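Order of appearance sets the numbers: ligands from 1, and atoms from 1 within every ligand. Note that the structure is predicted; figures quoted are calculated from it, not measured.
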Amino acid sequence: RQWETIKEYEDIFFDYYDGIGKITINREQVRNAFRPTTVNNISDALHLCREDNRINVIVLTGAGDKAFCSGGDQNVKGTGGYIDENGIPRLNILEVQKQIRSMPKPVIAMVNGYAIGGGHVLHVVCDISIASENAIFGQTGPKVGSFDAGLGSSYLASVVGQKKAREIWFMCRQYSAAEALEMGLVNKVVPLDQLEDEVVAWAQKMQEHSPLALRMLKLGLNAELDGQIGLQEFAGNATLLYYLTEEAQEGKHAFLEKRKPDFKKYPKFP
Ligand code: 2NE
């Protein structure tokens, strides 16, 4: 499979193949932990994925065969967050979580090893998680002086249920891929050497389907959980669909032509 580089970054690879934009965290020496540079790189690549018409599905993964992502890089954790090159503490991984959630295209986590701490949250917020048999899942926050009580807890509870979400956070245990599948935390588990083939097959299947339908479904599934912000995202997309109608065009034309709009001629559906 010939992946083509979309853009070069310091901490990630960003590649394209057959409608898929693949973001790979490339910090194997720290089990693909993220530092502020990594987060900025992912955020920029996600922005490009949103804008690029060739890209229909996004895949997020980690380099090598040991880790998807081990969360925040503890080497640069300071007072108030993870310290960037200017000495400013940041928690901007939360922005990346929001970008994934509001991305109007499916995002698949290709979990190729440890998904731990903030790395676990990253796969949780993706739409689909496909894991290799060696993948290991878990939160460590309360053990290392951190927590994600946002999507990392509330959305996790929507995925695996309240009791299990509390267990995952309170006990800080590690779970095998088989256990993750059992609790509905991942969609499928395959041998590591088949992981990318499986993910590409899922991405190709999704691309056979209507992108607008997938987009509205994702937003609807989010909206139920996201309160007024979920409604805002959903309504924004309803506006997009409305703007595609002649009825909406009539309002604009009437204004520009300084006449009364005639909305009566458009069909009303029961
Ligand atoms: C991931 C895990 C379980 C892997 O274990 P293992 O035995 O396969 O590898 P090892 O030896 O622990 O790690 C290999 C190298 O990677 C570094 C290690 O320090 C080690 O370095 P060397 O000794 O070879 O020099 N490494 C691994 N994870 C790192 C990390 N996150 N930061 C910096 N260096 C790391 C095991 O390594 C592990 O448990 N890692 C720590 C997981 C963790 O606690 N992550 C932070 C959670 S908090 C968070 O992510 C967060 C949040 O809660 C809220 C907002 C934002 C972030």
Please name the pair of heavy atoms, one in [X] and one in [Y], separated by the smallest distance, quoted to 0.1 Å.
X	Y	answer
N112	A63	ND2-O, 4.0 Å
Q207	V57	CG-CG2, 3.9 Å
V59	I20	CG2-CG2, 3.6 Å
S102	E233	CB-OE2, 2.9 Å
S153	A165	O-CB, 4.4 Å

Looking at [atom], is any protein heavy atom nearer than 4.0 Å to it?
atom	result
atom 12 (O) of ligand 1	no
atom 8 (O) of ligand 1	yes
atom 23 (O) of ligand 1	no
atom 56 (C) of ligand 1	yes
atom 27 (C) of ligand 1	yes
atom 48 (S) of ligand 1	yes
atom 15 (C) of ligand 1	yes

Measuring from non-hydrogen atoms of Q29 to any atom of ligand 1, is the shortest distance under 4.0 Å? yes

When you measure from the heavy atoms of Q174 to every atom of ligand 1, does any distance fall below 4.0 Å? yes

Looking only at protein heavy atoms, which one is nearest to [atom], and how far off is it?
atom	value
atom 45 (N) of ligand 1	S70 O, 2.9 Å
atom 51 (C) of ligand 1	Y82 OH, 3.6 Å
atom 46 (C) of ligand 1	Q74 NE2, 3.2 Å
atom 17 (C) of ligand 1	V30 CA, 3.8 Å

Within the 4.0 Å heavy-atom shell around [X], which atoms of ligand 1 are there?
X	value
N75	33 (C), 34 (N)
I93	56 (C)
S146	48 (S), 51 (C), 52 (C), 53 (O), 54 (C)
L91	55 (C), 56 (C)
A33	30 (C), 31 (N), 32 (N)
I116	42 (C)

Whether E246 and K265 form a salt bridge (side-chain N of Lys/Arg under 4.0 Å from carboxylate O of Asp/Glu) is what I want to check.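 Salt bridge flag = no for E246 with K265.
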
If you measure every N or O of G119 against every N or O of ligand 1, does any of those distances drop under 3.5 Å? no

Hey, is ligand 1 close enough to G71 that some N/O pair sits below 3.5 Å?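 In fact, backbone or side chain, G71 has no N or O that close.
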
Check whether any side-chain heavy atom of R215 lies under 4.5 Å from a side-chain heavy atom of L240, and answer yes or no.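 Answer yes - side chains close enough.
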
Do side-chain atoms of [X] reach the backbone of [Y] as a donor and acceptor pair under 3.5 angstrom?
X	Y	result
N41	D11	yes
E198	V190	no
N86	I88	no
N237	L219	no
T24	G62	no

Report yes if the distance between the aromatic ring centroids of H123 and F137 is under 6.0 Å, otherwise no.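 Yes, the ring of H123 comes within the 6.0 Å limit of the ring of F137, centre to centre.
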
Option nearest atom 10 (P) of ligand 1 (shortest heavy-atom distance, choices K77, K143, R31):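 Residue with the shortest heavy-atom distance to the ligand atom: R31.
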
Looking at non-hydrogen atoms alone, which of D73, V121, T140 comes nearest to atom 44 (O) of ligand 1?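 Going through D73, V121, T140 one by one, T140 has the nearest heavy atom to atom 44 (O) of ligand 1.
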
Would you check, one step at a time, whether the test side-chain contact (heavy atoms from CB on, under 4.5 Å) holds for I168 with Q139? CA-CA 6 Å; I168 289 170; Q139 299 295 160; 3.6 Å; yes

